[in-house]
Amino acid sequence: MGSSWGNLFSPHCIVLLLLNVTHCFSFVQTVERSGHVDECSALFQFKESFTVNKSASVHLFAFPKVASWKREGDQNRSNCCSWKGVECDEESGHVVGLDLSSSCLYGSLNSNSSLFQLVHLQRLDLSDNDFHFSEIPSRLGHDLTNLTYLNLSLSGFSGQLPTSLGYLLSLNFLDISNCKFHPHVPSSLGNLTQLRYLDMSSFYEVSNNFSTGQGIDSWSWVGKLTKLHTLLLTETNITGKFLCFMANLTKLEHLNLATNEISGQIPSWFMKLAKLSTLLLGQNNLQGEIPRSLFQLKNLESLGLAYNNLSGLVEFDQFFQLKKLKVLRLSYNKLSLHIKTNLSFTLPQLQVLRLGSCNLTELPEFLRSQYELTDLYLGQNNIHGRIPKWLWNATRETLFTLDLSDNFLTGFEQNPIILPWKNLITLNLWSNLIQGSLPIPPQSIRNYIVPENHYSGEIPPSFCNLNHLHILDLSNNNLSGMLPQCLGNSSGLEIFTLNSNSFHGNIPQLCPTGESSLKMVDLSYNQLQGKVPRSIANCTLLEFFNLGNNQISDIFPSWLGTLPALSILILRSNGFHGMIGKSATNHDFPKLCIIDLSNNDFSGMLPSNYLENWNSMKFVDKSSEQAYFVVSSTSDSSGGYAFLYSITTFEKGVELDYFQTPYLLRLIDFSSNRFEGEIPAGIIGNLRALISLNLSNNALTGHIPSSLGNLTDLESLDLSRNQLSGRIPSNLAKLNFLEYFNVSHNYLRGPIPGGQQFETFLEDSYQGNSGLCGKALSKKCESSISLPPSIFEEDEDSGFQIELDWYVVLPGAISGLIVGVVAGNFWTSKNHEWFVETISRSKKPRGTRARRGHRN
Ligand SMILES: *[C@@H]1O[C@H](CO)[C@@H](O)[C@H](O)[C@H]1NC(C)=O
Ligand SMILES: *[C@@H]1O[C@H](CO)[C@@H](O)[C@H](O)[C@H]1NC(C)=O
Ligand SMILES: *[C@@H]1O[C@H](CO)[C@@H](O)[C@H](O)[C@H]1NC(C)=O
Ligand SMILES: *[C@@H]1O[C@H](CO)[C@@H](O)[C@H](O)[C@H]1NC(C)=O
Ligand SMILES: *[C@@H]1O[C@H](CO)[C@@H](O)[C@H](O)[C@H]1NC(C)=O
Ligand SMILES: *[C@@H]1O[C@H](CO)[C@@H](O)[C@H](O)[C@H]1NC(C)=O
Ligand SMILES: *[C@@H]1O[C@H](CO)[C@@H](O)[C@H](O)[C@H]1NC(C)=O
Ligand SMILES: *[C@@H]1O[C@H](CO)[C@@H](O)[C@H](O)[C@H]1NC(C)=O
Ligand SMILES: *[C@@H]1O[C@H](CO)[C@@H](O)[C@H](O)[C@H]1NC(C)=O
Ligand SMILES: *[C@@H]1O[C@H](CO)[C@@H](O)[C@H](O)[C@H]1NC(C)=O
Ligand SMILES: *[C@@H]1O[C@H](CO)[C@@H](O)[C@H](O)[C@H]1NC(C)=O
Ligand SMILES: *[C@@H]1O[C@H](CO)[C@@H](O)[C@H](O)[C@H]1NC(C)=O
């Protein structure tokens, strides 16, 4: 059910639903008769010019339609009209329709392609294939002039859009969204005056090198397309203010300009577009007040203005003039909504209401009579008190998503409570002041998100029956008791974060069946005991596993090494013990980026045989645009949720709390164990992406390997409290980013290296090594090898390549920060406004710091 609802309530598809659907999907049944021989053979050649490649299509139901295309023995008697995706005209027998959407085609389309022999084509759908950066041959415009429908969406086309497209004078539908074209659009498209539907959303990759944001005036040709009823231009980096050419488009019913850089005020000429039923302007830079003229658009059903800079006090009852309104999104502007409590007139029945960060102080009373709500988002307001009964009385049957996160709610009017919404999919009460026991959700629940509250008591046994759970986030509450063993049973569970509570007893057998979706498990900061359940070896999608700060007593779970996606493993502060031994294979922990085994009772040699294979610590692609480690759950009616990995580490001599973990962070912390023997010089020197290495407080002997000088990204190196001897290798002075260095309490001797970062380290870094000498120490060297300080004038902040976003907080770490609603599957969701909400939230994540300030 999830995905079908997903389509129904995302604006993009409302657009489709309201269209004359028969035009969208008018590839009628193929006609069982012979086609023209030349056309059949052209089709066959067309097929032959591609390979079939499953990964060329992303649609779930993609299949190679051409696979069944067969030429019969007698080449001149073709039956191509019965081939899948081929439509022939009943009278003439000509091929008039070709629907090869999601057909796994892979290869290039050239100007000599036999496709252009199909001159009678009226409908051509090549969407969702991979034409591998082909340019659209200009022959398309010259030869296929009878096209009325052309869909090249998500097909990997690139290059300049040919001017000849302007010759397709019969086109009614043009969809070139989600391609890789050059951002410059030929103005000849203004010739396509018969167009009724134009989708150019993300027609070029906004992230590519063309930083030629198209000013809105370069779109003025759109003003000639006066028959348009649907215009979708999301994520096309349109900049500048609205120009009045749009006022020409008086037939427009659906306008989506979300996720651009449009600035200025919402112009009053919008009232001329009297047929508008969908108006989506979210995620732009619009300023000023919401103009009164907007309330004259009596046909509006969906209005999206979220994520702009709109400001002012808004009398909310104005929206009720829009009698057909079903979807209203105003979140994250600078609006202050004033909602009258006693509204006498009949209100439109809303389905989606999203009023995040709208300065609300109470739950709006008009919700009392909203009987069709499916999605209610009132996050980040100042709503105090309890959730009243009338809220659920009206929405009991309809509500799928309830998000009241980041308010000051103290609970439900009834407690203990069984949640009354029968079909609820998402409950998000993150960061409120709710006390009492956990509310029991209906069977339908997928996302149960209640971290940062004051919930207490145990997890009710009825949670065992929640077979559809994808997210269970109970972190940072006062929950206690044992974890029901059944909890891991839901095979759809992706996010399982129970950290920072007081749970005790054994860890449940996660992934018991081998079929598992688990990506993130955070059980840190509890009092869990026993061993790490072996079933976790079956959690093949696991990326993040944090058992830190519990009372687990076990040997090193080397069998986790087979997990192909595991990036972060934290076993800190438990009772892990014994030698780590040898890795069974030479590709254990292939994706590991962060490992924290500190504060346990491990003994024996450092696990060099593992270290040798941690390739993710050897090289890191710094050009990656991903800023943070993030896990996203699959999407549902209201999108999905993205979780940042938040971890607490002990680096740079202090406890650091990353509420979002930088994607470039590579960290090894083996401190405070009983490791002995030498540091494996050659192997450590290969982990060149390491940012932080902490081996302190063990029993390591031998020298500090000079190969550490090769770890040029290192920012923090702690070797203190061991039995290391010899000199500090002078080539450590090469470590330009080293911010923290500690070799105190060893048996080191000789001069400390001079220059660069080493000028900044104070005596603390070296104390307890009676044989060391140097400028930072009271014991000066007899013949100092330190260079004169003038050469190395220090600018503390200069030269740090990776600006890590960390800061110090006290223990009691916040984890599992929810970034917001994100799409599971980027291309279908790109045009949806709910996707918009995520991007923005992750751009400006709300720091725990700020939130704590405001809480206290
Ligand atoms: C074009 O194809 C895509 C993907 O197959 C589909 O989602 C979209 O609705 C189509 N566009 C039109 C106008 O039918
Ligand atoms: C299959 O398609 C994917 C992406 O479309 C491409 O990366 C890959 O190289 C293709 N494989 C073959 C064998 O052509
Ligand atoms: C098919 O038709 C062409 C002429 O259109 C002819 O030259 C050819 O011999 C025919 N082939 C067969 C196998 O009948
Ligand atoms: C089409 O042109 C390309 C070069 O542009 C050539 O490699 C290919 O062989 C040609 N195909 C046909 C069927 O002529
Ligand atoms: C294109 O459409 C027109 C009008 O429907 C028709 O007269 C003409 O024959 C068509 N051309 C082709 C090549 O099918
Ligand atoms: C298309 O528009 C361009 C100007 O944008 C014009 O020069 C050209 O003649 C037009 N072509 C047709 C076929 O209408
Ligand atoms: C968007 O356009 C502006 C200029 O108008 C440009 O500076 C910016 O780099 C563009 N952004 C992207 C992602 O293309
Ligand atoms: C508005 O539409 C008319 C045709 O209806 C056209 O002549 C005119 O150029 C258009 N105006 C703009 C600004 O595009
Ligand atoms: C929020 O609303 C209160 C009244 O409820 C008002 O005094 C305050 O100025 C508003 N804040 C903003 C930022 O508009
Ligand atoms: C609950 O809803 C019904 C209509 O469905 C209404 O008659 C009744 O007054 C409501 N009760 C409360 C407490 O709001
Ligand atoms: C992994 O799953 C399989 C079933 O697919 C099961 O037989 C096996 O015991 C599981 N492994 C562990 C370690 O639980
Ligand atoms: C450091 O790396 C260089 C190659 O970049 C290599 O030649 C050298 O042996 C390495 N030094 C150590 C001590 O591993």
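Atoms considered below: every heavy atom in the structure, side chains included; atoms not considered: hydrogens, waters and symmetry mates. Along the sequence shown, residues carry numbers from 1. Whatever order the structure lists ligands and atoms in, that order sets their numbers, starting from 1. Here the structure is a predicted model, which is why all the values come from computation and not from measurement.
- Under the salt bridge (charged side-chain N to carboxylate O under 4.0 Å, His left out) test applied with D99, the options K65, K84, R123 reduce to a single match, K65.
- Residue contacts with ligand 1: S101 is placed with no nitrogen or oxygen under 3.5 Å of a nitrogen or oxygen of the ligand (distance criterion only).
- Near V119, the atoms of ligand 5 lying under 4.0 angstrom from a non-hydrogen atom of the residue are 13 (C).
- Between H132 and Y106, the distance from one ring center to the other falls under 6.0 angstrom.
- Taking the six-membered ring for Trp and the full ring otherwise, F50 and F131 have centroids separated by under 6.0 Å.
- The shortest N/O to N/O separation between D125 and ligand 1 does not fall below 3.5 Å.
- Partner of Q351 under the side chain to side chain contact (heavy atoms under 4.5 Å, CB included) criterion, out of L328, L376, T374: T374 alone.
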For ligand 9, list all ligand N or O to protein N or O distances below 3.5 Å, rounded to 0.1 Å.
| residue | atom | partner | partner atom | Å |
| --- | --- | --- | --- | --- |
| ligand 9 | 2 (O) | N359 | ND2 | 2.3 |
| ligand 9 | 11 (N) | N359 | ND2 | 2.7 |
| ligand 9 | 14 (O) | S336 | OG | 3.4 |

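- Considering backbone and side-chain atoms alike, N151 places an N or O below 3.5 Å from some N or O of ligand 1.
- A heavy-atom distance below 4.5 Å is found between the side chains of K334 and N309.
- Relative ring orientation between H229 and F173 is described as perpendicular, the plane-to-plane angle rising above 60° on a 0-90° scale split at 30° and 60°.
- Each of the following atoms of ligand 5 lies closer than 4.0 Å to a heavy atom of H120: 12 (C), 13 (C), 14 (O).
- If you number the atoms of ligand 1 from 1 as listed, the ones under 4.0 Å from a heavy atom of S127 come out as 2 (O), 3 (C), 4 (C), 5 (O).
- Under the 2.5 Å SG-SG cutoff, C40 and C80 qualify as a close cysteine pair.
- Using a distance-only test at 3.5 Å, with no hydrogens or angles considered, a donor-acceptor pair links the side chain of E39 to the main chain of V95.
- Between F44 and W83, the ring-plane angle classifies as tilted under the 30° and 60° cut-offs.
- Near Y197, meaning under 4.0 Å from any of its heavy atoms, are these atoms of ligand 1: 13 (C).
- For H338 and F316, the ring centers sit 6.0 Å or farther from each other.
- In terms of polar-atom proximity, defined here as any N/O pair under 3.5 Å, Y149 does make such a contact with ligand 1.
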